Amino acid sequence: MTRGLFITFEGIDGAGKSTHIARVADLCRARGRVVVLTREPGGTPLSEKLRDMVLHEPMDALTEALLMFAARREHLVQVIEPALARGEVVLCDRFTDATFAYQGGGRGFDWQTLGQLERMVQNLVSLGHGSGHGFSPYPCDAVGSDLALATQEPPLRQPDLTVWFDLDPTISAQRLATARVPDKFESQPVAFFAAVRAAYARRQAQTPGRFARIDAAQSMSVVGEDVVRVLTDWLQAQPA
Ligand code: TYD
């Protein structure tokens with residue numbers, strides 16, 4: 001059976017990523033792959049309800065981060081993990097990098113706390129991948145102490161590839177000005193998106209091998225060509 005592939009798409013609002021995801025789906029299907037198109041927050045009935053709340057209601061920063069991860073956990077368990085187990089390609093419009101970028105960078109929420117939530121929610125053992133690694137499913141259950149946590153990094157579900165549509169926030173602001181009614185995040189000032197962009201750059205610097213940066217300031221057609229080239233090369237390089 002072919003190996004499942006988990007590809008995520010990221011960028012500040014107005015970077016135009018959604019338009020290109022459908023092309024990537026076509027590209028994968030043309031290679032004979034079954035594709036699951038999904039998004040975060042969302043992707044399951046419960047996660048879509050959480051999306052509605054988190055995008056439209058004002059709330060405390062920790063509440064917001066917890067709801068993002070709660071929606072993600074449900075999405076992983078119900079949709080992402082089963083699809084990957086069937087050998088399918090999961091194309092996800094945003095994932096955890098968005099939480100680090102928006103809640104971490106944009107809202108200024110503590111990066112380490114987000115890291116703890118990431119380890120808890122994306123822990124592969126807790127997602128049903130056996131207990132052969134010797135890790136507790138939940139970091140907070142780790143027998144012993146913080147030392148155990150510090151020395152044993154649990155294996156996590158992470159994207160195999162993250163396509164980052166990188167754009168100067170002043171350009172995205174011009175694009176968003178003519179768009180539909182903005183949600184809670186889209187209505188933020190340029191400084192917020194500058195911080196979101198910087199946080200994406202920080203995530204990329206932490207795991208550069210996972211990221212493909214696309215210059216989203218280019219015209220839509222050139223961005224599309226870049227995406228197709230990056231994806232074609234990357235899919236080609238994947239083991240069967
Ligand atoms: P977006 O993906 O841009 O969808 P649409 O194109 O339909 O507007 O909207 C999702 C918003 O949620 C976006 O502003 C970023 C935000 N978000 C977070 O703040 N944290 C997260 O963890 C995720 C996944 C999204």
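In each ligand, atom 1 is the first atom listed, and ligand 1 is the first ligand listed. For clarity, every value in this text was computed on a predicted model and none was experimentally measured. Atoms considered below: every heavy atom in the structure, side chains included; atoms not considered: hydrogens, waters and symmetry mates.
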Starting from [atom], which protein heavy atom do you reach first, and at what distance in Å?
atom: atom 11 (C) of ligand 1; value: Leu55 CD2, 3.7 Å
atom: atom 1 (P) of ligand 1; value: Arg94 NE, 3.5 Å
atom: atom 9 (O) of ligand 1; value: Arg51 NH2, 3.6 Å
atom: atom 22 (O) of ligand 1; value: Thr99 OG1, 2.6 Å
atom: atom 20 (N) of ligand 1; value: Gln103 OE1, 2.7 Å
atom: atom 18 (C) of ligand 1; value: Met68 CE, 3.2 Å

- Backbone or side chain, does any N or O of Arg39 fall under 3.5 Å from an N or O of ligand 1? no
- So Glu74 and Lys49, salt bridge (Lys or Arg N to Asp or Glu O under 4.0 Å) or not? Walk me through it. CA-CA 12 Å; Glu74 200 60 19; Lys49 284 187 198 165; over 6 Å; no
With a heavy-atom distance limit of 4.0 Å, tell me whether [X] approaches ligand 1 through its side chain, its backbone, both, or neither.
X: His75; result: neither
X: Thr96; result: neither
X: Asp13; result: side chain
X: Pro41; result: both
X: Glu64; result: neither

- Task: For Glu186, take its heavy atoms, then give the atoms of ligand 1 lying under 4.0 Å from any of them.
- Result: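 Within the 4.0 Å cut-off of Glu186, ligand 1 contributes 8 (O).
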- Query: Do you know which of Arg119, Arg73, Arg157 makes side chain to side chain donor-acceptor pair (under 3.5 Å) with Ser126?
  - Reply: Arg73
- Task: Determine, step by step, whether Leu235 and Arg31 satisfy the side-chain contact (heavy atoms from CB on, under 4.5 Å) criterion, reporting the C-alpha distance in whole Å, the side-chain angles of both residues, the deciding distance to 0.1 Å, and the verdict.
- Result: CA-CA 9 Å; Leu235 287 168; Arg31 301 175 71 94; 3.5 Å; yes
- Task: Is it possible for you to check whether Arg197 lies under 6.0 Å from the centre of the six-membered ring of Tyr200, through NZ or CZ, and within 45° of that ring's axis?
- Result: no
Just wondering, do [Y] and [X] contact through their side chains at under 4.5 Å, heavy atoms?
X: Lys17; Y: Glu10; result: no
X: Asp160; Y: Trp234; result: yes
X: Arg94; Y: Met68; result: no

